[in-house]
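This report refers to the structure that appears directly beneath it.
Start at 1 and go down the list; that is how both ligands and their atoms are numbered. Sequential numbering from 1 along the given sequence is applied to the chain's residues. Just so it is clear, the structure is predicted and the values come from calculations on it, not from any experiment.
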Amino acid sequence: MAPLTNLQTRAVETLVHPYTNQATFRETGPLVFERGKGVYIYDTDGKSYLEGMAGLWCTALGYDNEELVEAAATQMRKLPFGHLFTGKSHDPAIELAEKLKEIAPVLISKVFFCNSGSEANDSQMKLVWYMNNALGRPNKKKIISRIKAYHGVTIAAASLTGLPNNHIDFDLPIARVLHTACPHYYRFAKDGESEDEFATRLAAELEELILAEGPDTVAAFIAEPVMGAGGVIVPPKTYFAKIMEVCAKYDVFMIDDEVICGFGRLGPMFGCDALGYKPNSISVAKALSSAYMPIAGVMIPEEMYQALIVESKKIGTFGHGFTYSGHPVSAAVAVKTLEIYQRDKIIETARTRMPQFQKRLMALADHPLVGEARGMGMVGALELAADKRARKPLDPKRGVGAQVVGHAQAEGLIVRFIGGDVISICPPMIIQPAEIDELFDKLTRALDKTLDWAKREQLLAA
Ligand SMILES: Cc1ncc(COP(=O)(O)O)c(C=O)c1O
């Protein structure tokens, strides 16, 4: 292994890098990036990489949007900071809330701003608890999430997340958070079960869980339209209709986590429209500002807003909010981002390229290393398998997914491997047709090289 450069050594000695194996990282060091342009980012040696993950599923407009830079600079010169506490407000936050209400897929009363998807989902949970206290049902507090869900890493959000690495030795999940089954047909369907039967069974399991816990103790259900970090899991077509029926039956509030799927990723502006359900409240972040500035939002219905008023009449101040809630620079950048989406028809244009993206993705289902290719819109994943026909996973200890990512990197492509040897792909929404081809050409070569290695190592079924 090459010795670490000065910058790599300084990174190793100064930073705790998120989502990194802290032990092996001391040997490997980081890949250090310096600049970006379009859908490409460049490392400190000047090598270019097609950013096949839009950073962390977020840089929808790519890496050199001057208008966003200008929006930030203009706002910084005018009012670099302003808050929304104690009856203060400012134009960028007001305008952003208005825009979000305008484009929302359901009737939204108000928007609460925060800085990250985790904060948004933490806030969702607190707001549901607060609302149910206001409504005089103090026992209705449990939140149901799903196995393999990803809702963030703060204590409540990490509890909602349904992935082992976010719980083990963090002493999570906290009480009153429950997890129901993951709608991944390929992995969890029973022999002979159709997709519709699988969806029916999962809805029945949700109902059983609610009944076992007591419907008067279950407050909310939270879901991403397509699960992202859990493996880009597209549920069966009838899944949400059946799940929503159960939620409605037991008066369970539905929280829609649109942190990845919002702003056109699946085709429509919001993922819930792609999957055909109507949530009660919505979390947004990431592409809200094309990730140029940190900002997230919780979009709440009138019913919840009225509950806040009831509580304020009872106890006074609504005791929730962050210093940077609705930060004017972040809000100004987000307003500009939404304006660009609409003015330049970014989502409509991306929609015309989604069939090409999906076709190239699905073609990789035939690759000997790939068990399942799945996706929707401009997001996808490849689940690697040791035995394609038997759907047998690879030994996670052999790091086959990491090999693919490493070979892709050598090819000049960033993709990510997530739990269970799944390779995820989520490029900026501005990606051009030729760049989609480049992405999949590079990924195919990375898979081929990994296949050669896996065969040598006898990791595949004979
Ligand atoms: C669906 C979803 N919700 C919440 C989060 C957490 O967002 P953040 O990392 O900004 O806290 C993420 C992050 O990837 C996400 O994908």
Problem set entry | Amino acids in close contact with ligand 1, where any non-hydrogen atom sits under 4.0 angstrom away | S116, G117, S118, N121, Y150, H151, G152, E224, D257, V259, I260, K286

Problem set entry | Residues that F188 engages under ring-ring contact (aromatic ring centres under 6.0 Å, His included), provided they are two or more places apart | none

For this session: Could you tell me whether Y324 and F113 have their ring centroids closer than 6.0 angstrom?
Result: no

Problem set entry | Pair F322-F85, side-chain contact (heavy atoms from CB on, under 4.5 Å): steps then yes or no | CA-CA 9 Å; F322 304 94; F85 282 36; 5.7 Å; no

Exercise. Just by distance, do the side chain of R416 and the backbone of G52 share a donor-acceptor pair under 3.5 Å?
Worked result: no

Exercise. Counting only heavy atoms not in Y305, do more than 12 sit closer than 6.0 Å to its OH atom?
Worked result: no

For this session: Nearest 0.5 Å please: distance from the CG atom of L206 over to the CE atom of M244.
Result: 11.0 Å

